[in-house]
Every structure is written in structure tokens, then in C-alpha cells.
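The structure under discussion appears below in the form of C-alpha cells.
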Amino acid sequence: MKDRSPFTPGNPVPVELFVGRTNQLEEILRNVKQARTGKQENIFLAGERGIGKSSFAKFVCNMACKERLLSVHVFLGQVTSLDEMVRRVFEELLKVSNTQSWYGKISGYFENKIQQIDLFGVAVSFHPTAEDTRELVNNFPEALVNIAEKIKTEKKGLFIVLDDIDAISRTPEFANWYKSFVDKVATHFDYFPISIMLIGLPEFRDNLSRNQPSLMRVFRVVEIEKLQEKEVKDFFLRAFNKVNIAVQESAMEIMIDYSGGLPTIMHEIGDAIFWIDEDGIVKDDDVWKGVISAAESIGKKYLDPLVYRAIRSEKYRSILRKLGVTTSFKKNEIVAKLTKEEKAVFDNFLRTMRDRGVIMIDQEADRGTYKFVNDIYPVYIFMEGLEHKMKVKQHS
Ligand SMILES: Nc1ncnc2c1ncn2[C@@H]1O[C@H](COP(=O)(O)OP(=O)(O)O)[C@@H](O)[C@H]1O
Ligand SMILES: [Mg+2]
């Protein structure tokens with residue numbers, strides 16, 4: 001009987017199944033650890049949706065903890081106000097401290113300034129008054145230093161992750177606030193044992209440079225990209241091994257191929273296979289079925305309906321297959337592979353795909369180069385093509 005899949009599609013991966021990212025880990029950890037000497041760092045972690053930013057942050061927090069830094073991972077999602085952002089930061093600090101020996105020291109600090117801390121058993125929620133919130137927003141560095149000071153026998157500093165800042169980073173308030181935060185730290189604090197990591201889509205840089213051009217310089221930008229094949233393999237081995245399922249060599253190759261280095265797809269495929277497999281050995285057959293079922297769920301969960309319909313359109317299906325699993329393609333090179341009928345509709349095809357947000361002109365490459373808006377699209381086309389191929393096979 002199966003009761004629990006080791007795969008976590010859509011949620012940060014558990015630390016024991018985390019793979020890859022060795023260079024980025026080393027770089028970030030080196031910088032985060034500097035907080036212990038009182039040097040502030042501002043990191044910006046950039047990457048596409050689903051590429052593994054939150055998982056990476058979770059892993060870094062875990063390591064930072066071992067280095068005696070109090071680490072908090074704050075999700076900002078749709079948050080667009082500084083008040084709510086700051087409230088969440090302090091609420092998270094209270095939550096991670098709640099069961100720790102130093103909790104009294106920091107909750108005391110909050111109680112003096114802030115009226116209401118609700119305690120439900122071990123859960124904490126934090127509801128400062130509007131006035132107190134304003135003060136936390138305006139005196140953010142002071143408040144953080146104060147907390148670091150209170151717990152300095154237990155912790156050598158703080159590591160704060162602000163995840164999903166895309167919505168708030170579009171507001172001019174955020175950029176201005178962050179700029180004055182950094183300036184204040186630089187001018188008023190010789191010792192500031194707190195590092196901050198912001199996480200968002202690569203467009204974040206454009207938002208910032210529009211709103212506060214000089215701010216971009218303070219960030220150390222770290223980028224996360226696709227996983228390598230050997231990392232994907234390592235992941236599948238570890239995940240299936242965890243539930244005592246063996247994987248045949250050829251089956252492994254197909255799983256790696258169809259994952260396209262994308263962690264989200266890797267988990268969707270793995271999860272589908274986990275439930276399909278009946279004998280504790282993953283064989284080719286399980287993988288084919290798994291890929292088809294994963295394509296189904298990826299289409300529904302991660303693709304915009306317009307994109308989804310464009311990619312599945314009967315009219316353009318054969319052209320889509322010819323683009324192959326690449327992130328970008330040259331118009332001329334594709335035209336050379338097309339049949340007469342396909343050539344006739346190719347310009348229409350390009351226009352439709354652009355209108356639907358599937359592809360865009362690649363400004364950085366030669367003329368006539370297009371790229372997929374999201375790396376997941378070409379991989380999805382590849383996966384979805386499998387279902388089509390199987391159907392054709394059954395009919396013939
Ligand atoms: N390094 C990794 N090793 C294994 N699985 C990962 C890794 N990074 C991400 N994942 C998985 O990929 C999916 C997307 O990861 P997530 O961290 O939520 O991405 P993002 O925050 O960039 O949107 C999740 O299912 C997660 O479990
Ligand atoms: Mg995330």
C-alpha cells in the first residue's frame with residue numbers, strides 16, 4: 001500500500017532531497033556568514049517561476065541555522081504594502097523563536113512596544129497597531145539590531161529571506177524604502193549582523209532600475225537555472241530510494257530526458273510515476289504513462305489557459321514539434337524544416353504564439369530569433385507530444 005509520495009510538486013523540496021546548486025550555495029553561504037562579523041549583505045536571488053528559488057532559500061536557511069544565524073523565510077506573495085511586509089517579517093521572527101530558549105527575550109521586546117501578541121499554544125501571530133507598524137517600517141534597522149542584540153549569546157546574527165517580492169517590488173515605495181534602509185545601515189551602524197536575501201523573477205532588476213536606479217548596485221545577484229542531468233538523476237535515485245522503489249536504467253534515461261532540467265517537471269513526473277508503479281520497480285512503461293499524466297497536470301496547474309490552448313492547438317501542432325526542446329530558435333532554420341502547408345501558416349503561427357505569450361522576440365540574439373517566454377513551454381510541448389504519438393501509434 002502506498003500512502004506517501006516523496007515528491008513535492010509545487011512546494012519547496014525537503015532538505016534531504018535537495019540537489020545541485022553547489023556554486024550558488026557556496027557563494028551565498030560565504031556572504032551570509034559575514035553577518036557574524038557585523039557586515040551587512042544584500043543578496044538578490046533571481047530565477048524563473050518553478051526553477052527552485054524557494055527550495056534553495058529553504059536549504060540556505062537550514063545551513064545558516066547551523067552557523068548560528070537566526071534565519072527566517074518570509075513569503076510575500078501578493079503583498080504590496082510595506083506595513084504588511086514588515087509585519088510578516090516580525091511575525092516570522094517570533095514564530096521561529098517561539099519554541100526556543102530566547103523567546104522570552106524577544107517577545108519582551110515586542111510586548112513593550114506592541115500591545116497584542118496572541119499565543120495559541122505554540123502558534124504565534126502578531127498584530128501590531130497601525131502606529132507601531134509605522135514605527136517598525138521607519139526604524140527597521142534599529143528594530144532588527146535590537147533583536148540581534150537581545151539574542152547575541154544564542155545567535156551570532158540574522159538571515160532574513162523575503163521571498164516572492166515581485167508584487168511589492170513593482171511599487172516605488174518598496175524601492176525607496178529599501179534604499180533608505182541600506183543608506184541608514186551604512187551611515188549609522190558600524191556593526192549590523194543581519195543579511196537580507198530578496199527573491200524574485202529576473203524582471204525584478206527592471207522594476208528596481210525604473211524606481212530607484214542607484215539601488216541595484218547594493219545587491220549581489222545570484223541566479224538559479226536548470227538542473228544538470230546528473231543532478232536530476234541523483235534526485236530521482238534519492239527520492240525513489242526513500243520509498244524503496246528501484247529504477248531501471250533505461251527508465252531513468254527517459255525520466256531525465258522529459259524533465260528537461262526543470263525541477264517542477266521532475267517532481268510532477270516523479271509523483272505521477274510513484275502512483276502508477278505497481279511492483280516497486282520503475283520500468284519504461286511506468287515512465288511513459290507517468291509522463292503523459294504529468295503533462296496533463298502541468299498543463300492545468302502551471303500554464304496560462306491562453307498559452308495552454310496555443311500549445312495544444314491542432315492547427316499548429318506539427319510546427320510546434322519541429323521547434324524541438326530548445327529555449328530559442330531562428331526563424332530561418334525552422335522554415336527549412338517545414339512542409340509546404342506548414343510554411344504557408346508559419347507567419348500566422350509566430351504571430352499567434354507571440355500574442356498568446358508563448359514566445360517572444362529575443363532582443364539579445366540575431367534578427368529573426370525567437371525564444372520561449374518560459375523554459376517550461378518547450379519541455380511541456382515535448383511531453384504533450386508523447387501523448388499524441390502514443391495515440392497515433394494505437395490507431396495505426
Ligand atoms: N534543488 C532542488 N532539488 C530537488 N527539487 C527541487 C529543487 N529545487 C526545486 N525543487 C522542486 O521544484 C519545484 C519548484 O521549486 P520552488 O522552490 O517552489 O521554485 P520557485 O520558488 O523558483 O518557484 C518544487 O516542487 C520543488 O520541490
Ligand atoms: Mg518560490
Side-chain angles (χ1 to χ4, degrees), residues 4-29 43-63 71-79 88 92 160-169 197-204 221-243 247 252 255-256 258-275 290 293-295 297-298 300-304 373-377 379-380 383:
R4 193 189 168 117
S5 164
F7 299 94
T8 51
N11 290 309
V13 70
V15 168
E16 73 276 11
L17 291 183
F18 180 90
V19 294
R21 320 300 191 200
T22 23
N23 296 338
Q24 291 98 328
L25 270 177
E26 202 183 305
E27 182 182 351
I28 291 202
L29 213 62
I43 298 160
F44 174 56
L45 182 70
E48 296 299 336
R49 231 169 247 119
I51 201 69
K53 301 179 295 299
S54 299
S55 299
F56 180 79
K58 180 175 171 178
F59 196 80
V60 176
C61 281
N62 197 273
M63 294 183 74
S71 310
V72 291
H73 191 170
V74 185
F75 288 90
L76 294 175
Q78 297 310 311
V79 173
R88 288 196 192 187
E92 207 55 44
I160 298 175
V161 178
L162 302 181
D163 201 339
D164 290 331
I165 58 155
D166 304 289
I168 200 166
S169 77
M197 181 162 85
L198 305 184
I199 302 183
L201 301 172
E203 295 94 275
F204 167 72
V221 179
V222 175
E223 281 176 78
I224 290 216
E225 283 163 0
K226 290 181 186 181
L227 292 168
Q228 292 166 13
E229 288 192 358
K230 63 173 186 326
E231 295 163 347
V232 174
K233 179 172 184 179
D234 183 28
F235 168 76
F236 279 127
L237 285 176
R238 270 149 72 177
F240 280 114
N241 187 27
K242 203 172 159 185
V243 286
V247 183
M252 176 61 89
M255 289 195 288
I256 297 173
Y258 278 89
S259 297
L262 297 173
T264 296
I265 299 211
M266 181 174 93
H267 280 260
E268 290 286 352
I269 291 181
D271 195 52
I273 294 173
F274 171 79
W275 295 109
S293 132
S297 100
I298 288 163
K300 289 191 192 119
K301 284 209 274 200
Y302 306 98
L303 305 189
D304 180 282
V373 170
N374 189 321
D375 284 350
I376 211 171
Y377 300 163
V379 178
Y380 178 75
M383 291 173 76

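As the structure lists them, so they are numbered: ligands from 1, and atoms in each ligand from 1.
The environment of Glu203 atom CD is dense: over 12 non-hydrogen atoms of other residues, nucleotides or ligands sit within 6.0 angstrom. In this structure, Lys242 places its NZ atom where more than 12 heavy-atom neighbours from other residues, nucleotides or ligands lie under 6.0 Å away. For Glu16, the CD atom sits in a packed shell: over 12 heavy atoms of surrounding residues, nucleotides or ligands are nearer than 6.0 Å. Surrounding CZ of Arg49 are at most 12 heavy atoms belonging to other residues, nucleotides or ligands under 6.0 Å away.
The distance criterion of under 3.5 Å between nitrogen or oxygen atoms is met by Val13 with respect to ligand 1. Considering backbone and side-chain atoms alike, Arg21 places every N or O at 3.5 Å or more from each N or O of ligand 1. Residue-to-ligand polar distances keep Phe56 apart from ligand 1: every N/O pair is separated by 3.5 Å or more.
In terms of protein heavy atoms, atom 12 (O) of ligand 1 is closest to Pro263 CB, 3.1 Å. At the shortest separation from atom 5 (N) of ligand 1 among protein heavy atoms lies His267 NE2, 2.9 Å. For atom 23 (O) of ligand 1, the closest non-hydrogen atom on the protein side is Gly50 N, 2.8 Å. The protein heavy atom nearest to atom 19 (O) of ligand 1 is Gly52 N, 3.0 Å.
Contact record, Gly260 with Lys226: O-CD, 3.6 Å, taken as the closest heavy-atom pair. Residues Lys58 and Pro14 approach most closely at NZ-CA, 4.0 Å, considering heavy atoms. What you find for Arg21 and Pro263 is that their closest heavy atoms are NH2-CG, 4.0 Å. For Val60 against Ile28, the heavy-atom pair with the smallest separation is CG1-CG2, 4.0 Å. The two residues Asp166 and Leu201 come nearest to each other via the heavy atoms OD1-N, 2.9 Å. Taking each heavy atom of Ala295 and Met383 in turn, the nearest pair found is N-CE, 3.7 Å.
Counting heavy atoms under 4.0 Å from ligand 1, residue Lys53 touches it through both backbone and side chain. Residue contacts with ligand 1 for Phe235 involve side-chain atoms from C-beta outward but no N, CA, C or O (heavy atoms, distance under 4.0 Å). Heavy atoms of Asp163 found under 4.0 angstrom from ligand 1: none, in either backbone or side chain. With a 4.0 Å heavy-atom cut-off, ligand 1 is reached by the backbone of Ser55 and by its side chain too. With a 4.0 Å cut-off on non-hydrogen atoms, Ile199 does not touch ligand 1 at all.
For ligand 1, the atoms sitting less than 4.0 Å from at least one non-hydrogen atom of Ser54 are 17 (O), 20 (P), 21 (O), numbered in the order shown with element in parentheses. Which parts of ligand 1 touch Thr8 is read off a 4.0 Å heavy-atom cut-off, strictly below it: atoms 24 (C), 25 (O), 27 (O). Ligand-side atoms of ligand 1 in range of Met266: 4 (C), 5 (N), range being under 4.0 angstrom from any heavy atom. Residue-ligand proximity, Leu17 to ligand 1, at heavy-atom distances under 4.0 Å covers atoms 3 (N), 4 (C). Each of the following atoms of ligand 1 lies closer than 4.0 Å to a heavy atom of Pro12: 27 (O). Residue Val19 has at least one heavy-atom neighbour below 4.0 Å for each of these atoms of ligand 1: 1 (N), 2 (C), 3 (N).
The distance between the ring centers of Phe235 and Phe7 falls below 6.0 angstrom.
Under 2.8 Å from the Mg ion (ligand 2) lies no N/O/S atom of Ser55, from backbone or side chain alike.
For atom 24 (C) of ligand 1, the candidate residues are Asn11, Asp164, Thr264, Val232; the nearest heavy-atom contact is made by Asn11.
Contact between Glu231 and ligand 1 is absent, with no heavy atom of the residue lying under 4.0 Å from the ligand. A heavy-atom separation below 4.0 Å is found between Glu48 and ligand 1. Assignment of Gly47 to the shell around ligand 1 is not supported, since no heavy atom sits closer than 4.0 Å. The shortest separation from a heavy atom of Gly10 to ligand 1 is under 4.0 Å, placing the residue in contact.
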Go through Lys230 and Asp234 one step at a time and tell me if the salt bridge (Lys or Arg N to Asp or Glu O under 4.0 Å) criterion holds. CA-CA 6 Å; Lys230 63 173 186 326; Asp234 183 28; over 6 Å; no

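Annotation: side chain of Ile265 is not in contact with side chain of Tyr258 (no heavy-atom distance under 4.5 Å).
The salt bridge (charged side-chain N to carboxylate O under 4.0 Å, His left out) search around Lys301 returns Glu268, not counting sequence neighbours.
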